[in-house]
Enquirer: 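Below you will find the structure I want to go over with you.
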Amino acid sequence: MPDPPNAQIASLFDELADLYELDGAVIHRVMAYRNAAKAVRDAGTSVAAMTRAGEVTEMPGIGKTLEEKITALLDTGTIPAVEKLRAKFPPGLVDMTRLPGLGPKRARKLFDELGIDSLAALKQAAEEQRLRGLRGFGPKFEEAMLTAFAAGVDETPRARVLLSRALLIGDGIAEALRAHPASDRVELAGSARRMADAVKDLDVVATATDPPALLRAFAALDVIEQCSEPGENACRARTHTGMAVDFRVVEPDQFGNVLQHLTGSKEHNVALRERAVRKGLHVSEYGILDDADGKTHRCPTEEAVYAKLGLPWIPPELRENRGELDLDAIPPLVEMADLKGDLHMHTVASDGRNTIEQMATAALERGYEYIAITDHSASHGFGNDVSPDELRRQIERVREVNAAIDGIEILIGTESNIHTDGRLDYDDDLLAELDWVIASVHTSFGVGSEQMTARVVAACEHPSCDAIGHLTGRKIETRPPYAIDVNAVIEAAARTQTMLEINSSADRRDLNDVHARAAAQAGVRILINSDAHGVNTLGIVRWGVATARRAWLGPDQVANTLPWSEFAPLRKRVAG
DNA sequence: GCCGTTTTCGGCCCGACTGTTTTCAGTCG
C-alpha cells in the first residue's frame, strides 16, 4: 500500500474535526484537529514517512493521539474514529453547515429533533415551516435558509478568483483612491495582499482627511456595480465581475492595527494573539491592550504592531503561521528585480505568438542576461511542427539571432513532453546538441501516483534534462494536481542536480509555495519561469516571484537570479 | 487534543452580529 499523501491525511483530520464538532466535542479538541490538518497540509516532507520514523510528534500540533491515528491509517488504510463517526452522522449534515447562520450545533439539533440529514431535507422543512417550532429557531431562520437556497448554496460553491484577476481590480481601486484629494494612506489587505493563489474578496483600508468624501468616491468608482449605503467609516460593495469589496476608513493612529488585522491570515492572527497573551498583551483590530499598564496601545503602522509584540515586521506573504512568528529577523526574499534570466518560453515555432528576435528583444528590455527558447516538443499537440529536423533548423535560427543581438545570451532549448514511460522526445544526441532542456508532463495525467512519480523521476535522471516544468499540472480553481509523490521527485531532483521550476502562469504557480519551500530546503535549485507565449506575458513572473516569496525563498535559492557566467555551468551538460 | 520563561493540569484570540430571548448561545470573520 503506497503511503497516503499529506493532503489525504490533512483532509481526514479536517473531516474528523467536522464530525467531532457535530458530536458535541469541546471546541478546543475540534480546533486541535483543524490545526493538525493545516500543519500536515503545509508540511514540506512526507508526514507518513515522518510517522514511520517516529518523528511526527515533533511537528507543531501533532501529539501522541494524532500520531496513533496516522499510524492506524498507515497500517490499516483507515482511521477507526473516522469510520465510527461516519456511521453515526450522514454526510449531508456537514453539507448543511455550509448555509449561513447554520453551524454544527444547530445542524445537530435539526438532525436529532427533526431527522433532517441533508440539504434537500432542510429545504423542504423550511418550505413547510416546520423549523420554527424548534427552540432557538424562528421564522427569520426559515427565511434565511430559503434565501440561501434561492441564491444557490446547494449548488457548487462559487469559485475563488485568481490573484491576477483580483489584483487587476484591487490595485486599480487602491490607485484611484490614492489619487483622490481626500485620501491619505490607502492599502489593500486580506489574502490579496498576502499574494495567495486565489482570493474570495478584497479588503481596502484607508485613512482620509475627509472620510465621507472618500467613501462616496469609492462607491462611485466605475468598477463598482453596487455599494451598500456608506456608513460613517465603512461600506461593502460588489464589482461588475462579482467580487465583494470591503472598504474601511480608519483613524490614522489605528491604521497599523486595522491593516494587520485585515491582512491575516486567520491562522497567523490567532497564533500571534496566543503568543501575545503569554506576554500579557491582548491584540485586536483596535489596538494592543497591555496588562502592565491597562492601556490600549494604538499603532499607526504595522511595524509598530509587531514591534510592540517583540517581533520584526513580517512580510504579508509569510503570514500563514508556518513558522514566521519564530523568526528573530526576516530572511531576504526574492524580488522581481533579482531575476536575470527566463528559462521557459515559446515562439511561433510552436504555440507562441512572437518570434525568437521579438522574445529576445523584449527580454533584453526587461534587463535579462539570458533566456531559453523552449518550444513544445514534437509529440505534444502544440509542438507538432517541431519535428527533429525542424528543431535542427531552429537551433541554427537561434544561433543566428544570438549572434545578431548583443547583451543577452539566447539558449536553444525545448520543453520536452515526458512520455508515460519517462522517455523524453527527440533522440539523446539531438537533446545533447541543445543548450537547455526543460521537461514537463502534458499528457496522460491519470496514470496514477506510482507511475507518474516513476515517469518524472526517470526524466530527472536523463543526463540532458536540466529542469522539470510545472510539476503537478494543477490549474488553480479549475484542475487539481495529478497524483504524484512530490517528495520523491524532490529527492530525485536533489540527487540528480535537476532544477525544479516555479511556473509563473497565474493559474499554475506550480510548484506551489509548500512544495517550493520543501524543494529548496532539500537543496534543489529553483527556477522562476514565465512560460510566456508572447512578449506581453514575460512579466507574469510576478506571480512566480509571489509564490517563491510565500515559500520563503531568497535570491540565493533561485537559480535564475545568478548572472549568466554563474548560471551557465550549473547545467548538467556543462557540469557533467 | 495539544502544550508549557506562571503550568504535566488547566487553560486554549478577539470582537461583532443575529435571532431569539429576557441575558445569551451560536455563528462568523
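Each chain gets a letter, A, B and so on, in the order its sequence line appears, and its residues count up from 1.
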Enquirer: Provide the distance between the two P atoms, one in B:dC9 and one in B:dC14, to the nearest whole Å.
Expert: 26 Å
Enquirer: Provide the distance between the two C1' atoms, one in B:dG1 and one in B:dT5, to the nearest whole Å.
Expert: 24 Å
Enquirer: Could you list the residues that satisfy side chain to side chain donor-acceptor pair (under 3.5 Å) with A:Asn257, not counting sequence neighbours?
Expert: none
Enquirer: Quote, to the nearest angstrom, the C1' distance that separates B:dG29 from B:dT23.
Expert: 24 Å
Enquirer: Starting at the 5' end of DNA chain B and moving along, which residue's nearest nucleotide shows up first, A:Pro139 or A:Lys200?
Expert: A:Pro139
Enquirer: For nucleotides B:dG11 and B:dT6, find the distance between their P atoms and express it as a whole number of Å.
Expert: 16 Å
Enquirer: For residues 515-524 of chain A, which side-chain N or O atoms pair as donor and acceptor with protein atoms under 3.5 Å away, sequence neighbours left out?
Expert:
residue  : atom : partner  : partner atom : Å
A:His515 : ND1  : A:Asn512 : OD1          : 3.4
A:Arg517 : NH1  : A:Arg322 : O            : 3.2

Enquirer: Indicate, with a heavy-atom threshold strictly under 4.0 Å, whether A:Ile27 touches base, sugar-phosphate, or nothing.
Expert: nothing
Enquirer: Is the backbone N or O of A:Gly544 less than 3.5 Å from a side-chain atom of A:Arg508, with the two atoms forming a donor-acceptor pair by type?
Expert: no
Enquirer: Tell me which of A:Met31 and A:Arg135 sits closer to the 5' end of DNA chain B, going by the nucleotide each one is nearest to.
Expert: A:Met31
Enquirer: For the pair made of CG in A:Leu325 and C1' in B:dC3, what is the distance, rounded to whole Å?
Expert: 16 Å
Enquirer: Without placing hydrogens or testing angles, list every side-chain donor-acceptor pair under 3.5 Å for residues 206-227 of chain A, not counting sequence neighbours.
Expert:
residue  : atom : partner  : partner atom : Å
A:Thr207 : OG1  : A:Asp184 : OD2          : 3.2
A:Thr207 : OG1  : A:Arg185 : N            : 3.0
A:Thr209 : OG1  : A:Ala182 : O            : 3.2
A:Asp210 : OD1  : A:Ala213 : N            : 3.4
A:Glu225 : OE1  : A:Arg238 : NE           : 3.4
A:Glu225 : OE1  : A:Arg238 : NH2          : 3.3

Enquirer: Which value, in whole Å, describes the distance between the P atoms of nucleotides B:dC13 and B:dC3?
Expert: 14 Å
Enquirer: Tell which nucleotide pairs with B:dT8, taking only Watson-Crick or G-U wobble pairs whose two distances are both under 3.5 angstrom.
Expert: none
Enquirer: Please state how far atom CG in A:Asn233 lies from atom C1' in B:dA16, giving the value in whole angstrom units.
Expert: 14 Å
Enquirer: When you measure from the side chain of A:Asn233 to the backbone of A:Arg248, do you find a donor-acceptor pair of N or O atoms at a distance under 3.5 Å?
Expert: no
Enquirer: Between B:dC17 atom P and A:Phe141 atom CZ, what is the distance in whole Å?
Expert: 21 Å
Enquirer: Which part of the nucleic acid, if any, lies within contact of A:His261, taking any heavy atom under 4.0 Å across all strands shown: a base, the sugar-phosphate backbone alone, or nothing?
Expert: nothing
Enquirer: Quick check for you: among B:dG1, B:dC14, B:dG15, whose closest atom lies nearest to any side-chain atom of A:Tyr286?
Expert: B:dG15
Enquirer: Expressed in angstrom and rounded to an integer, what is the separation of A:Leu134 atom CG from B:dA25 atom P?
Expert: 18 Å
Enquirer: Specify the separation, in whole Å, of atom CE of A:Met59 and atom P of B:dC3.
Expert: 10 Å
Enquirer: Distance check needed: B:dT27 P versus A:Met145 CE, whole Å only.
Expert: 10 Å
Enquirer: Which whole number of Å gives the distance between the P atom of B:dT7 and that of B:dC2?
Expert: 22 Å
Enquirer: When the P atoms of B:dC12 and B:dT18 are compared, how many Å lie between them, rounded to an integer?
Expert: 27 Å
Enquirer: Please produce a list of atom pairs where a protein N or O lies less than 3.5 Å from an N or O of nucleotides 10-12 of chain B.
Expert:
residue : atom : partner : partner atom : Å
B:dC12  : N4   : A:His28 : ND1          : 3.4

Enquirer: Report all side-chain donor-acceptor pairs from residues 48-59 of chain A shorter than 3.5 Å, counting only partners two or more places apart or in another chain.
Expert:
residue : atom : partner : partner atom : Å
A:Thr51 : OG1  : A:Val47 : O            : 2.7
A:Arg52 : NE   : A:Asp3  : OD1          : 3.4
A:Arg52 : NH2  : A:Asp3  : OD1          : 2.5

Enquirer: Report the residues that fulfil ring pair (Phe, Tyr, Trp, His ring centres under 6.0 Å) with A:Tyr20, sequence neighbours left out, ordered by chain and then residue number.
Expert: A:Tyr33
Enquirer: Rounding to a whole Å, what distance do you find between A:Glu232:CD and B:dA16:C1'?
Expert: 17 Å
Enquirer: Check this for me: does any side-chain nitrogen of one of A:Glu21 and A:Arg34 sit under 4.0 Å from a carboxylate oxygen of the other?
Expert: yes
Enquirer: Near DNA chain B, counting only heavy atoms under 4.0 Å, which residues of residues 101-116 of chain A show up?
Expert: A:Gly101, A:Leu102, A:Gly103, A:Pro104, A:Lys105, A:Arg106
Enquirer: Go through the structure and list residues passing ring pair (Phe, Tyr, Trp, His ring centres under 6.0 Å) with A:Phe89, not counting sequence neighbours.
Expert: none
Enquirer: Name all residues meeting the salt bridge (Lys or Arg N to Asp or Glu O under 4.0 Å) criterion together with A:Arg479; count only those two or more places apart in sequence or in a different chain, and write none if there are none.
Expert: none
Enquirer: Which nucleotide in the list B:dC14, B:dA16, B:dC2 gets nearest to the side chain of A:Ser284?
Expert: B:dC14
Enquirer: On the six-membered ring of A:Phe137, is A:Arg106 placed so that its NZ or CZ lies under 6.0 angstrom from the centre and within 45° of the ring axis?
Expert: yes
Enquirer: For A:Asn257 and B:dC13, give me the distance from atom CG to atom C1', rounded to whole Å.
Expert: 15 Å
Enquirer: Have a look at A:Val30 and say if it touches a base, only the backbone sugar-phosphate, or nothing, with a 4.0 Å heavy-atom cut-off.
Expert: nothing
Enquirer: Across the strands shown, which category fits A:Leu99 at heavy-atom distances under 4.0 angstrom: base, sugar-phosphate, nothing?
Expert: sugar-phosphate
Enquirer: On a whole-Å scale, what distance lies between the C1' atoms belonging to B:dG26 and B:dT21?
Expert: 13 Å
